[in-house]
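For reference, the structure discussed in these notes is given below.
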Amino acid sequence: MSGKADFFEEDAAPAPGEDEVLLIDVDGFEGPLDLLLALARNQKVDLTKISVLALAEQYLAFIESVRSLHLQVAADYLVMAAWLAYLKSRLLLPDPEPPDEPTGEALAARLAFRLKRLQAMREAAAELTAREKLGREFFARGMPEALAGPGTSETRWQAGLYDLLAAYAAKRARHFASSIQLKKRTVIPLAEARERLMRLIGPSTAWTPIDQYLAEYLARPDMRATARASALSASLELVREGEIELMQASTFAPLYIRRKSKEKASA
Amino acid sequence: MPDLFVASSNVTSLSPEDRRLHLRMLEAILFAAAAPLSAAELAAKMPEGVKIDALLHELQTAYASRGVNLKQAGEAWAFRTAPDLGFLLEEHRQEEKKLSRPALETLAIIAYHQPVTRAEIEEVRGVSTSKGTLDVLLETGWVRPKGRRRTPGRPLTFGTTTEFLDHFGLSAISDLPGLAELKAAGLLNATIPPGFDAQPPFGEPPTEDFLDEDG
Amino acid sequence: MPDLFVASSNVTSLSPEDRRLHLRMLEAILFAAAAPLSAAELAAKMPEGVKIDALLHELQTAYASRGVNLKQAGEAWAFRTAPDLGFLLEEHRQEEKKLSRPALETLAIIAYHQPVTRAEIEEVRGVSTSKGTLDVLLETGWVRPKGRRRTPGRPLTFGTTTEFLDHFGLSAISDLPGLAELKAAGLLNATIPPGFDAQPPFGEPPTEDFLDEDG
């Protein structure tokens, strides 16, 4: 790299435009293989000539850049990244080969095969859509005549497989919904929380962490959330009424509670 | 203007390729038409200056001895089945009816849970099945009584027929996707409670007397 | 007037009148139906012992250059207007079923790899199938279950239907564009075929020592 490039930020990244396009499209990728295929196409060479190593590096760099922006990266992209990092190490350090495992070259070939296969199916899909189609370029008889059927019944019943499956699925779904045993959630009502809190605080006017009053509930995982929520709501109500005072040093810091002294309350 | 010459020229002055193309065009238009078309309507769809009457009569002659004839009714033209082959057609058009939702549900439950009794169908459907629904299904030829359950009351069980498989393009009942497969395909929008088999309960040993099929 | 239907008669064991009647009947049946009819369905409507395949091919040849063609779609047959005349019939154009990119890709994978399981489709695409892919394809009627794979779990396989072939103007699955080439390149294999050239992993230009092949 020339020294000059260091002075000009825009020269540092060889193709910032392309990266930006990819970043914007990150949600548009349908999984890691799709992203890899897009990167391979960016190599602007025939798929048969892609460098799997270069591709792995581009993918890892891309995921890194996305993560550095604190964007959520779906787990399967990270799994692919981990695998590509492994592949990279296998390609760069071919010795010693772990026994009973395919060589780095074999792994790379496998990846290239999957990319080529996906690309082939993309092209096949495009060719299918480009075909002359019924109802678009060629047509059926506009005035069909009813053929004599084997039976003599007056009605010909119409039903498709999709309708049949959808009907069954919908019926079962409703059945499941009605047979679901909802676990009875224990919820502490606000009134109860309020009464309890006042009783526990008692006459004490010393700052005490609110959790201390809830210790009995906090030990039980199923009660923890509802105990905290009810206690907080009740305490806010009590503050408004001038019964108690609340104090918190910072976000997520312990919440302290005390009875408002009567002298102050009356003052 | 060249148009005047085209208009005044007779059919034979056209190249054989053009005449053949015009016949092909007319054939395709008449075939795809949803209603009989008058010569004027046909002419409007054809290249300008085409002698529509001559073409129509040529096509009519070409099809005169075929299984399908080009018929003129009043001003309008249409392809119709040759009158002597009328026996191939329905005398009165069969009414095409869509299977009702309850019938479709019942059919699906019979297909998935066969052999199944009426009470069992109702248990899955959550509503009582009207006699009409089962009658319709029996009429379709897709469902038939399969036997009697060896339980008190010896209730009749139902199952699907070969015609059912043919109609729905299935090679076997086991081709029906199971609950997990329905969910994976995006057809089932519910959590399958544990204990429900991923696969439908096919091939269970029958605990019943089969009806004599010939009887 | 030239006979537009110059049918070559190879089937000579029948009297010419009988053969002609059979052709006319077949023509009438196929003209009357809007949907493709299978050779078996056609045979059921014809006199017993008729060589349906020979008749179908004869009819297909007779109509090959016409405005209406006899098209094969797998096991089934139907008359369709010639594709080059589509411009005349724009009024009949139906709104195209717009498939999402994943659905189209899945359709192509099912068409080229059939019978194929959902897991195999996902392997090719590298993502799990989302809702609105397989269910939408089943809804189009182009895709259907094709039996279960004899592997653990007996997964359901999918394949394409007659409607798929009819819609895309394919006479058989083997008519899919590029199918033979893809097969030859091993790209329809589930696993990497032996001899599939390992890609140069270090980004070198592909080594071109073709001389080795003879050695």
Side-chain angles (χ1 to χ4, degrees), chain A residues 27 30-34 74-76 79 118 121 125 128 131-185 222, chain B residues 28-36 78-81 86-99 101-109 111-112 123-126 136-137 139-142 164 167-170 175-177 179 182-183 185-193 196 200:
Chain A
D27 289 334
E30 287 173 49
L33 213 54
D34 188 33
D76 45 350
V79 170
L118 180 60
M121 286 301 107
L128 265 187
R131 284 187 74 82
E132 288 161 337
K133 294 179 283 294
L134 177 65
R136 301 290 300 172
E137 285 82 21
F138 61 92
F139 299 86
R141 175 97 184 262
M143 282 177 284
E145 294 165 88
L147 285 163
T152 49
S153 90
E154 301 273 302
T155 331
R156 192 173 305 194
W157 292 98
Q158 299 287 306
L161 180 63
Y162 176 82
D163 300 322
L164 185 78
L165 298 179
Y168 183 70
K171 207 68 228 174
R172 292 317 299 263
R174 259 177 284 167
H175 186 63
F176 292 158
S178 63
S179 68
I180 281 172
Q181 295 285 320
L182 271 179
K183 225 172 91 184
K184 216 179 156 200
R185 276 190 66 191
D222 58 323
Chain B
I29 293 168
L30 284 162
F31 177 84
F79 278 121
R80 297 318 268 172
T81 302
F87 65 92
L88 292 168
L89 303 177
E90 273 302 324
E91 271 177 48
H92 46 268
R93 217 186 155 90
Q94 268 185 332
E95 204 188 342
E96 295 209 338
K97 264 197 197 164
K98 260 189 106 109
L99 215 54
R101 179 93 196 169
L104 207 56
E105 279 173 16
T106 307
L107 178 62
I109 293 163
Y112 270 90
E123 196 189 312
V124 177
R125 282 196 65 217
V136 162
L137 289 179
E139 195 202 309
T140 59
W142 297 334
F164 168 83
H167 180 89
F168 290 97
L170 299 164
D175 273 13
L176 288 172
L179 288 176
L182 285 172
K183 189 171 166 63
L187 278 153
L188 179 65
N189 300 308
T191 315
I192 301 165
F196 278 83

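Hydrogens, waters and symmetry mates play no part in the numbers below; they use all other heavy atoms, side chains included. Every chain is numbered from 1, with letters handed out A, B, ... down the list of sequences.
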Tell me, out of B:A78, B:A103, B:A33, who's got the most heavy-atom pairs with chain A below 4.5 Å. B:A33

Given A:D163, which partner from the list B:L104, B:L107, B:L99 fulfils the side-chain contact (heavy atoms from CB on, under 4.5 Å) test? B:L104

Apply side chain to side chain contact (heavy atoms under 4.5 Å, CB included) to B:L137 and A:W157, showing your working. CA-CA 9 Å; B:L137 289 179; A:W157 292 98; over 6 Å; no

Residue pair A:F139 / B:A32: nearest heavy atoms and the distance that separates them: CB-CB, 4.2 Å

Quick one: does A:R141's side chain have a donor or acceptor within less than 3.5 Å of a partner on B:F79's backbone? yes

As an exercise, state the distance from CD of A:E145 to CG of B:L89, rounded to the nearest 0.5 Å. 5.5 Å

Any non-hydrogen side-chain atom of B:H167 less than 4.5 Å from a side-chain atom of A:L161? no

Check: B:L187 and A:Y168 side chains under 4.5 Å, non-hydrogen atoms: no

Using the test salt bridge (Lys or Arg N to Asp or Glu O under 4.0 Å), find all partners of B:R101 that sit at least two apart in sequence or belong to another chain. B:E105

Please classify the contact between A:A140 and chain B as side chain, backbone, both or neither, with a heavy-atom cut-off of under 4.5 Å. backbone

Using every non-hydrogen atom in the two residues, find where A:M143 and B:A34 come nearest and quote the distance to one decimal. CG-O, 3.1 Å

Checked B:K98, B:R80, B:R125 vs chain A; the most non-hydrogen pairs under 4.5 Å come from B:R80

For B:E123, does the CD atom sit with more than 12 other heavy atoms under 6.0 Å from it, leaving out its own atoms? no

To the nearest 0.5 Å, what is the distance between CZ (B:F164) and CG (A:L164)? 5.0 Å

What's the separation between atom CG in B:L188 and atom CZ in A:R172, rounded to the nearest 0.5 Å? 9.0 Å

